[in-house]
Amino acid sequence: FRSGTVEISSAQSSSDTINFFKAPKGFTPIWGWLYGDDIDTGTEAYDLDIGTSGDPDAYGNLGVLTGDAVTGIKPETGISMPLGGTLLTAKPTELTADTDIIGTVNAAANAGGTGTLTLIMCGVYKDPRF
């Protein structure tokens with residue numbers, strides 16, 4: 001289990017990077033979820049990918065994050081999205097080195113642009129000492 005929470009205190013620009021956490025060598029991500037405040041208000045444009053520096057959308061090309069209420073998933077406003085990408089399309093892959101798990105901004109927020117984001121990833125861990 002790995003998680004990271006970041007406070008976005010000023011609006012981000014396209015190509016900005018969010019460092020959520022470092023996953024250790026031997027960690028194999030199985031699934032993940034992104035939670036957060038409604039980062040963008042009005043006509044939403046905030047577009048975020050989740051991955052690594054070598055593969056910025058490995059765990060999710062999330063598209064525009066509206067923050068609108070979605071019945072059955074999150075009944076109030078805010079972001080609540082499962083990760084996808086290689087977590088859904090490939091067999092679980094063990095990390096061969098300590099790896100930064102990042103968010104890459106593809107499009108800046110149209111309005112607002114601040115708030116808290118939390119990324120959670122669950123997986124299995126093979127201790128490299130053994």
Side-chain angles (χ1 to χ4, degrees):
F1 172 81
R2 306 306 277 171
S3 69
T5 298
V6 295
E7 180 66 34
I8 300 168
S9 56
S10 61
Q12 299 170 312
S13 300
S14 182
S15 298
D16 279 356
T17 299
I18 301 167
N19 292 307
F20 283 103
F21 56 84
K22 186 177 292 290
K25 176 182 179 179
F27 182 70
T28 302
I30 304 294
W31 67 267
W33 207 274
L34 178 69
Y35 296 97
D37 295 324
D38 186 2
I39 299 296
D40 204 347
T41 57
T43 305
E44 289 95 351
Y46 188 64
D47 185 334
L48 185 69
D49 290 346
I50 303 295
T52 66
S53 59
D55 190 353
D57 65 355
Y59 306 125
N61 182 338
L62 303 180
V64 175
L65 303 175
T66 68
D68 295 340
V70 178
T71 303
I73 296 177
K74 184 175 171 81
E76 65 272 355
T77 59
I79 297 166
S80 179
M81 289 194 87
L83 299 184
T86 60
L87 298 175
L88 298 177
T89 62
K91 70 176 189 162
T93 304
E94 179 182 319
L95 299 176
T96 58
D98 291 350
T99 303
D100 290 324
I101 306 300
I102 62 170
T104 302
V105 178
N106 294 311
N110 186 48
T114 61
T116 301
L117 292 175
T118 298
L119 181 68
I120 297 170
M121 290 184 84
C122 289
V124 294
Y125 178 69
K126 181 177 86 178
D127 190 330
R129 296 174 296 176
F130 301 104

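Only a predicted model underlies this, so the values are computations on that prediction, with no experimental measurement involved. Counting from 1, the numbers follow the sequence of the chain as shown.
- When every heavy atom of Ala107 is checked against every heavy atom of Ser14, the shortest pair comes out as N-OG, 4.4 Å.
- When Leu62, Leu34, Asp40, Thr118 are each tested for a side-chain contact (heavy atoms from CB on, under 4.5 Å) with Ile79, only one passes: Leu34.
- No hydrogens or angles considered: nothing links the side chains of Thr66 and Glu44 as a donor-acceptor pair under 3.5 Å.
- For the atom pair CG (Asn106) and OG (Ser15), the distance works out to 7.5 Å, reported to the nearest 0.5 Å.
- Applying side-chain contact (heavy atoms from CB on, under 4.5 Å) to Ile18 and the options Ile8, Ile102, Ile50, Ile101 leaves one that passes, Ile8.
- Counting only distance, with no hydrogens or angles, the side chain of Asp49 and the backbone of Thr104 share no donor-acceptor pair below 3.5 Å.
- Between Pro92 and Thr28 the shortest heavy-atom distance is CB-CG2, 3.4 Å.
- Val64 and Leu83 fall into different hydrophobic clusters, where Ile, Leu, Val, Met, Phe, Trp and Tyr are joined by side-chain heavy atoms under 4.5 Å apart, directly or via other members.
- Distance check: Phe20 CZ to Asp100 CG gives 12.0 Å after rounding to the nearest 0.5 Å.
- Taking CD of Gln12 as the start and OH of Tyr46 as the end, the distance is 4.0 Å to the nearest 0.5 Å.
- Residue Ile30 is not grouped with residue Leu88 when hydrophobic side chains (ILVMFWY) are merged at heavy-atom distances under 4.5 angstrom, including chains of intermediate members.
- Not a single donor-acceptor pair under 3.5 Å links the side chain of Asp55 to the backbone N or O of Thr52.
- Scanning all heavy atoms of the two residues, the minimum distance from Phe21 to Gly4 falls at CD2-N, 3.5 Å.
- Of all heavy-atom pairs between Pro29 and Tyr59, the closest is CG-OH, 3.7 Å.
- Side-chain atoms of Thr96 never come within 3.5 Å of backbone atoms of Glu94 as a donor-acceptor pair (strictly under, hydrogens ignored).
- A distance of 11.0 Å separates OG of Ser80 from CG of Leu65, quoted to the nearest 0.5 Å.
- Here Leu95 contributes atom CG and Arg2 contributes atom CZ; the two are 10.5 Å apart, rounded to the nearest 0.5 Å.
- Without hydrogens or angle criteria, Asp98 side chain to Pro24 main chain gives no donor-acceptor distance under 3.5 Å.
- Closest of all the heavy-atom pairs between Ala11 and Thr114 is N-CG2, 4.1 Å.
- Taking all atoms of both residues into account, the shortest heavy-atom contact from Phe27 to Phe1 is CE1-N, 4.1 Å.
- One distance of note links CG of Leu117 with OG1 of Thr5; it measures 9.0 Å at 0.5 Å rounding.
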